[in-house]
Structures are given as C-alpha cells and as structure tokens.
Amino acid sequence: MTARGVTKAFGGVRALDSVDFEADWGEVHALLGENGAGKTTLCNILAGIYRADSGDIAVGGARRELRNPAQAIEAGIGMVHQHFRLVEPMTVAENIHLGWPETPGVVTQRALIDRTRRFMDEIGLHVDPTAKIWQLSVGEQQRVEILRVLARGARVLILDEPTAVLTAPEAEDLFKVMRSLAAAGLTVIFISHKLNEVLEVSDRLTVLRNGVREITRPSAGATAQELARLMTGEERELEVEHRVVTGEASLDLRGVSARNDRGIGALHEVDLTVRAGEIMGIAGVSGNGQTELAEVICSLRPAQSGSITLNGTDITDFSVRAIANMGVGHIPEDRIGVGMVLSAPVKDNAVLHNYWTGEFSRGVSLDRARVISFAKRLVELARVQTRSVFAAAGQLSGGNQQRLVARREALVGDRALVAAHPTRGLDVNAAQEVRATILEKRDHGCAVLMISDDLDEIMLMSDRIAVMYEGRVMGVFDAADADRERIGLLMGGHEPALAAAP
Ligand SMILES: Nc1ncnc2c1ncn2[C@@H]1O[C@H](COP(=O)(O)OP(=O)(O)OP(=O)(O)O)[C@@H](O)[C@H]1O
Ligand SMILES: [Mg+2]
C-alpha cells in the first residue's frame, strides 16, 4: 500500500501536508505521533472515510479511488476504529456476516454459525459465534471487529489505538494475531502511543509530526527515547516524590457494594480510605470492579450497600451534580459517553460540569463571556489543539478530547479527584502533563483516587496502592513497601503467602 502526497485540511487546519506513506505486504507498520499529528486522519483517508484534498493511493501497485468505505474495502483496505461499530443486540455470527458479500440471501442461524466457525479457524481468531455483542469483553469485541473486516476481504488491516482499551494479556494476544496476519502476507498498520509495544510488535514505523512525515524506519534498533524525541522535539521529565500522609480520611468508603451493568455484583464490601494530599492508586486487571468503584463514588452508579463520605459528609445518595459541587472531579474512563458532548462546541464542554455554579450563571442563563474566557484558558492550559473554542468537540483528535476532560476535572476537583485511566490515549508529553497536574492537585491537598491498568503508572504516581481483584480490595500498601511482584500476584487473585509455598 502506497500513499503519495496526501494532503487534508479541515477548515483552516491542515491535518496532513503532502504525506508519503508506504507499508509493505507481510509487515506490521506502526504509526506514531503526538495527539493531533494526523494519524487517525491518514487512516480514515486510507479507509475511505475521509477524502484527501490531494494525493494518490495505490494498493498492490494499482491506483485506487477511495471515495467511501465500500471502495476502500474493494481495494482491500479495512479499518478497526477505536470505538467499535458493532450491533450490540446481535450475535457474533450475525455481526461478522452483516454486509459480507458472500453471505447467502437466505441463511439459517445454524449455517451462519458454522460459516463463522470455519472462518475463525482459518484466521486463527476465536470468539463464541453465538454470543451477543453486549455479553463480550472489550477484547473479544475487538476480535469480532477484526474478523468482520477480514471477512470482507481486507488485505490491509488498519487498527487505530487497538491496545488503549485492552488488558496486558489481551494486548499480547492481539500482537500474536497481528504477527500471524503479517506472516500470512497481509499488511497490518497500527496506531499506538505506547512506545514499548511499538518496538515489540512492529517491523517498521512511521512518525507523523504536525501533519508531516518525520521518518519511516525499521523498528529494530530504535529506542523509546529516540521515538519520543522524533514525535515531539523535546521530552518532558517528571519527578515524583512519594508522600506518607496521616490524618483524617477525606474520601472514605465503608462496606460499599455495587452491581455492574448486567446486574451482577461487581464491588463487594469495599473499605477504602483516601486522605487529603495523597494519591491512592488502584492496581488491578481491568474488569475487576475499578470502573464500578469510580462510578459509585461519583454517583453514576448506585451503591447497593455501604456508605461513602467526603470530609465527614455522607455523599452516598448525592446526585452527580451535588457531588461535583462538593469539589469532586471525575476523569471518566469513557470520555465520549460520560465526559463530553461531542456535538457541542469546545466552550460548552469546558464548563460541562460546573455550568450551574455562580461563576458561569447569571440567573437562569449562562454568562457567555465568562464561559468563553474560561474555555480559552482551559484550552491553553491543557494545550488542546483546536481551531477555536466554537468548534465541535467531536472535531478534536482523540487525545485532545482527553486533555480537555482531564484538565477540566482537575479544576473541578478541589477536594477529591477520581481519575480513571487519566493518560489513556495521550501522547508521551501530554501524559506527563496530566500526571504533573494530578501531582499538583495532591500537593494542594486534594484526595486523589487514580485507576490505571498500567502498573508502571500506578507505581510511579501512587503514595499508597490498593489492589483490586474480583470486586474486592486485596491489600493496601505504602509506596515504600509496594513490591511489584507481590502486587502482580494479588492482581491475579493469588495470596502471595500461598503462592510462595511449595
Ligand atoms: N472531522 C474533523 N473536523 C475538523 N478537524 C478535524 C477533524 N478530524 C480531525 N481534525 C483535526 O485534524 C488534526 C489531526 O487529527 P487526528 O485525529 O488525525 O490526530 P491523531 O494523530 O489521531 O491524534 P490522537 O493521538 O489525539 O488521536 C487535529 O488538529 C484535529 O483537530
Ligand atoms: Mg487519533
């Protein structure tokens, strides 16, 4: 696959400036760059979702018109987006067959399932074909997306930040699949901000910077530092000093239980204390109750039992708004569903959680001038790249949306900040900036609860670490005696004492 001189502007913003990009058959090719560098835009053009203003794209030496996704698929290019586009109430087999040109007009469920099984065997990727999409884990849904694209005959598979939502073992499985597809002669293009995994899985890599290709090179021999420098020009250092905080609890959970979306118990009698001025890191493999923990604190999910207090006030049954008014910020895991309104302008998203406070309201209406000046300040502070604060939030790149939400919530949270995967989707420097902001909040006396499935990040940032497994807190450690191996065992549900015994 070869792209020559691809240029694309949105309004006045040039997202891609005469980019040349080529990926060979049989290779895994990583696409890197800062938030807003143009990675998704380039892939969307290859997948026929956006049309380039100028430039040529050839597949297997033949020039192709890519005016829409159907033409891209015809040319053998298929893309798996970061936000899946599966039909939730339908089964895996039905989703894979939707729009598959070879799907017979009249087909029984039995035949559909058999075909799906055969296809899965052929590719070496398996998911229960009879399961409904909503019943699957994120990693399994991603497999269905990949199968769906491959079933349409894609020979060039594009994955936009596929590992952002995966657990470490799921990511390892995905890498095996990517390698085996490349071994079978396909081209796999993938976007990632995680430089270590890029070096692990890709044959070659291309760095985009401000819409321009910086370099294409073999991955072997490259280092993470070098890549970070190519992407951003400079590297931001972060110094973290761990603190031992004593004193009263700021955020306090006693015997809190909650159910997940399927009505199954997800949190069981959780006791957890976060003091003012400390970062309590929650370590755990995703899906062990961390999401529910964050949601129950912020009232996005009811507690079945137990109580949550903030500086002595029982906030268990407070509304979402009342909790934000008490000075609790929430960087949600699902920034698109919970954190932002994509169709609304950046300025309105900037005040999404505090538009009702005195600062912005004038009687029943909003003080427009204040909202705009606040939004401008926030955009500058968070270094959100946007044409203007009047642009729709949906036009921001994924990482720029995350920057906006993370900083906004850090401003809302004076007393407590619940940060779920705060650096997910951020480039190296933006991640450091958000971490620095969280540390600053801590130093100003905010109680921070930070969830991440990146154990390195948890170890780096936390003053204390709580390990969660199957909805329970397995242990709480001071940063000073947090032992990586022990925490790893607890994350897998093993009691270290037992695991160590012969
Ligand atoms: N639909 C759109 N309308 C207006 N501007 C857009 C649109 N899509 C992308 N852009 C702009 O194009 C630029 C490149 O965005 P793109 O999404 O390609 O970045 P990215 O490299 O994928 O970043 P990230 O790592 O944050 O996902 C950004 O400035 C973005 O705001
Ligand atoms: Mg992107």
When you look at Met450 and Arg442, which way does the side-chain contact (heavy atoms from CB on, under 4.5 Å) test go after all the steps?
CA-CA 11 Å; Met450 189 178 103; Arg442 174 197 74 175; over 6 Å; no

Test salt bridge (charged side-chain N to carboxylate O under 4.0 Å, His left out) on Arg301 and Asp261 and set out the steps.
CA-CA 9 Å; Arg301 181 176 297 279; Asp261 288 342; 2.8 Å; yes

Between Glu409 and Val412, does the side-chain contact (heavy atoms from CB on, under 4.5 Å) criterion hold? Intermediate values first, please.
CA-CA 5 Å; Glu409 294 304 312; Val412 171; 4.3 Å; yes

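Put simply, the side chain of Phe10 does not reach to within 4.5 Å of the side chain of Gln395, judged on heavy atoms.
Put simply, OG1 on Thr206 and CD1 on Ile189 are 9.0 Å apart, with the number rounded to the nearest 0.5 Å. If you take CD1 on Ile146 and CG on Leu159, they are separated by 5.5 Å, rounding to the nearest 0.5 Å. Between the CZ atom in Phe175 and the CD atom in Glu200 there is a gap of 5.5 Å [rounded to 0.5 Å]. Rounding to the nearest 0.5 angstrom, the gap separating the CG atom in Leu42 from the CG atom in Leu16 is 5.5 Å. Annotation: the span from Met459 atom CE to Arg484 atom CZ amounts to 5.5 Å, rounded to 0.5 Å. Note that CG of Leu439 is 4.5 Å distant from CD1 of Ile279, once rounded to the nearest 0.5 Å.
Remark: the backbone N or O of Val389 is not paired with any side-chain donor or acceptor of Thr386 at under 3.5 angstrom. A donor-acceptor pair under 3.5 Å is formed between the side chain of Asp20 and the backbone N or O of Gly5. The backbone N or O of Ile133 sits less than 3.5 Å from a side-chain atom of Gln141, completing a donor-acceptor pair. Of the possible donor and acceptor atoms, none in the side chain of Lys441 sits under 3.5 Å from a partner among the backbone N and O of Leu417. Using modelled atom types, no side-chain atom of Thr423 and backbone atom of Leu426 make a donor-acceptor pair closer than 3.5 Å. In terms of modelled atom types and a separation under 3.5 Å, the side chain of Asn95 and the main chain of Val87 share a donor-acceptor contact. Formation of a donor-acceptor pair under 3.5 Å by the Asp478 side chain with backbone atoms of Asp481 is not found in this model. A donor-acceptor contact shorter than 3.5 Å links the side chain of Gln401 to the backbone of Leu396. Under a 3.5 Å cut-off, the side chain of Asn35 and the backbone N or O of Asp427 do form a donor-acceptor pair. No side-chain donor-acceptor contact under 3.5 Å links Thr273 to the backbone of Asp252.
Ser192 and Thr163 make their closest contact through OG-OG1, 4.3 Å (heavy atoms, listed as atom of the first residue, atom of the second, distance). The shortest non-hydrogen separation linking Gly425 to Glu161 is CA-OE1, 3.5 Å. Heavy-atom minimum distance, Leu174 versus Pro162: CD2-CB, 3.6 Å. Minimum heavy-atom separation, Met491 to Tyr469: O-CD1, 3.3 Å. When all heavy atoms of Ala350 and Phe374 are compared, the pair lying nearest together is O-CE2, 3.2 Å. Smallest separation of non-hydrogen atoms from Leu293 and Val270: CD1-CG1, 4.4 Å.
Using a cut-off of 4.0 Å between Lys/Arg side-chain N and Asp/Glu carboxylate O, Asp463 and Arg275 are scored as not salt-bridged. Under the 4.0 Å criterion applied to side-chain N and carboxylate O atoms, Arg424 and Asp453 are assigned as salt-bridge partners. Salt bridge status for Arg403 with Glu433: absent, with no side-chain N to carboxylate O gap under 4.0 Å.
Summarising the local packing, NZ of Lys376 is surrounded by 12 or fewer heavy atoms from other residues, nucleotides or ligands at distances under 6.0 Å.
With no hydrogens or angles considered, no side-chain donor-acceptor pair links Ser307 and Asp314 at under 3.5 Å. In summary, the side chains of Thr437 and Arg407 do present a donor paired with an acceptor at a separation below 3.5 Å, with no hydrogens or angles considered. Ser452 and Asp454 are not linked by any side-chain donor-acceptor pair at a separation below 3.5 angstrom, with hydrogens and angles left out of the test. Between the side chains of Arg254 and Ser305, no donor-acceptor pair is found at a separation under 3.5 Å. Using modelled atom types and a 3.5 Å distance limit, the side chains of Asn311 and Ser250 yield a donor-acceptor pair.
Residue pairs meeting the side chain to side chain donor-acceptor pair (under 3.5 Å) criterion with at least one partner in residues 238-249, sequence neighbours excluded, are Arg243-Asp443.
For the side-chain contact (heavy atoms from CB on, under 4.5 Å) criterion with Ile451, the lone passing option out of Met468, Glu333, Met280, Gln290 is Gln290.
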